[in-house]
2 protein chains.
Amino acid sequence: MSKLPVVDASLACCAPLSDPALSEQEAAELARVFKALADPVRLRLLNLIASQEGGEACVCDLTGPFELTGPTISHHLKVLRQAGLITGERRGTWVYYQVIPEALTRLSGLFALPALTSA
Amino acid sequence: MSKLPVVDASLACCAPLSDPALSEQEAAELARVFKALADPVRLRLLNLIASQEGGEACVCDLTGPFELTGPTISHHLKVLRQAGLITGERRGTWVYYQVIPEALTRLSGLFALPALTSA
DNA sequence: CATCTAATTTGACATCCATCTAGTCAGTGA
DNA sequence: TCACTGACTAGATGGATGTCAAATTAGATG
């Protein structure tokens, strides 16, 4: 649950897309994050978790809204986890997921535009 | 070049991911945008275009940095175009691409966090 | 221990996607 | 008109990915 080949947050990071010279490695890391976001089910899962009161959601609450089997939801949660977007924790019988706020903030900054510094 | 089945900007839009109830349709539209971003080559293309002086890049400048054939680059540019992220324009012999700033701004807002309004 | 439930893993399968080669279209200029 | 160049389209192919059924693991409880 906790030790997975997760995306290194120090790489897929920080500098806006409009900055020069995104390295191949940075691009690869970022692509991994966007691959995780490139699925409607995963987007809705992320939305469901992020919009929850308390900031966390049980898997049992995440299966109902979809016409998909448990294993499929589990798979999608794993992809989001490996992308460093959410984190999961078992408490008793249930597993609870939360978004990692830093991950979202990082992405927000990526799309920031450089304040139109007119030539 | 200009009339393609592009993502409708009015949908894949605006409200932060942490807002409740992302609809299935919105999720599908957003997923299309992220699919476009979910490739290292396309991320670097977008970065190359966005970081260019003058805000635009000729296809002829975008082929060199990659060890890929022209058609493949063309394909990636088409995907970015159909996702509403860039726009292309032919001027004489060459085709120039620019990023659509609104598209990036929209994405930036999507990942904005709701200022930690503690319960 | 036996059993029940929640969640994940495994393995299979159909579909999608990045890439290439070959061919085509658009614009320039002799 | 013909040839040349830049860019795109079409079709094919190998690899990645979403989904499910079946099996497995982790906790709770009798």
Side-chain angles (χ1 to χ4, degrees), chain A residues 1-7 24 27-28 30-46 48-49 56-83 85-98, chain B residues 1-6 24 27-28 30-46 48-49 56-83 86-98:
Chain A
M1 181 69 52
S2 44
K3 42 178 90 134
L4 281 165
V6 166
V7 167
E24 288 188 43
L30 264 180
R32 243 175 106 187
V33 176
F34 286 124
K35 267 197 190 65
L37 293 168
D39 181 282
V41 173
R42 288 197 288 269
L43 282 175
R44 288 177 59 206
L45 281 172
L46 202 58
L48 280 172
I49 298 171
E56 67 179 11
C58 170
V59 175
C60 55
D61 295 324
L62 298 174
T63 308
F66 302 91
E67 298 194 344
L68 293 171
T69 64
T72 299
I73 298 297
S74 229
H75 160 70
H76 286 304
L77 289 171
K78 182 181 187 177
V79 172
L80 289 172
R81 223 164 55 225
Q82 292 183 329
L85 291 167
I86 62 175
T87 174
E89 175 195 3
R90 171 160 225 135
R91 288 207 295 277
T93 308
W94 293 280
V95 174
Y96 295 88
Y97 281 96
Q98 315 184 5
Chain B
M1 181 71 51
S2 43
K3 43 178 92 134
L4 280 165
V6 166
E24 288 189 41
L30 264 180
R32 242 176 106 188
V33 177
F34 287 125
K35 268 196 189 67
L37 294 168
D39 182 282
V41 174
R42 287 196 289 269
L43 282 176
R44 287 177 59 207
L45 281 172
L46 200 59
L48 280 173
I49 299 171
E56 68 179 11
C58 170
V59 176
C60 55
D61 295 324
L62 298 174
T63 308
F66 302 91
E67 297 193 345
L68 293 171
T69 64
T72 298
I73 298 297
S74 235
H75 159 70
H76 286 304
L77 289 171
K78 182 180 186 177
V79 172
L80 289 172
R81 221 164 56 225
Q82 291 183 330
I86 64 174
T87 174
E89 177 195 2
R90 171 161 227 136
R91 290 207 294 275
T93 307
W94 293 280
V95 175
Y96 295 88
Y97 282 96
Q98 315 183 5

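Keep in mind it's a predicted model, so treat the numbers as computed, not measured. In the text below, chain A, chain B and the rest are named by the order of the sequence lines, each starting its count at 1.
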Of all the choices, [options], which nucleotide is nearest to the side chain of [X] once you look at every atom?
X       : options                : result
A/Arg90 : C/dA18, D/dA7, D/dA26  : D/dA26
B/Lys35 : C/dC17, D/dG18, C/dT19 : C/dC17
B/Arg42 : C/dA18, D/dT19, D/dC8  : C/dA18
B/Ser74 : D/dA7, D/dT19, C/dC20  : D/dA7
A/Thr69 : C/dT8, D/dA7, D/dA21   : D/dA21
B/Trp94 : D/dT19, D/dG6, D/dA21  : D/dG6
A/Leu68 : C/dT19, D/dC8, D/dC20  : D/dC20
B/Val95 : D/dT9, D/dC8, C/dT19   : D/dC8
A/Pro71 : C/dG27, C/dT21, C/dT9  : C/dT9
A/Val59 : C/dT8, D/dT19, C/dT19  : C/dT8

Just by distance, do the side chain of A/Arg42 and the backbone of B/Ala31 share a donor-acceptor pair under 3.5 Å?
no
Side chain to side chain, [X] and [Y], heavy atoms closer than 4.5 Å:
X       : Y       : result
B/Leu43 : A/Phe34 : yes
A/His76 : A/Phe66 : no
B/Val79 : B/His75 : yes

Rounded distance in Å - [atom1] ([X]) to [atom2] ([N]):
X       : N      : atom1 : atom2 : result
B/Asp39 : D/dA16 : CG    : P     : 13 Å
A/Arg81 : C/dA7  : CZ    : P     : 13 Å
B/Ile73 : D/dC8  : CD1   : P     : 11 Å
A/His76 : C/dT9  : NE2   : P     : 14 Å
B/Tyr96 : C/dA26 : OH    : P     : 19 Å
A/Arg44 : D/dG18 : CZ    : C1'   : 15 Å

Taking the cut-offs as 6.0 angstrom to the six-membered ring centre and 45 degrees off its axis, would you call B/Arg81 and B/Tyr97 a cation-pi pair?
no
Contact class for [X] vs. all strands (heavy atom < 4.0 Å): base, sugar-phosphate, or nothing?
X       : answer
A/Thr72 : base
A/Arg91 : nothing
B/His75 : base

On DNA chain D, compare the nucleotides closest to A/Gly92 and B/Cys58; which residue's is nearer the 5' end?
B/Cys58
Between D/dC8 and B/Tyr97, is there an OP1 or OP2 to side-chain N/O distance shorter than 4.0 Å?
yes
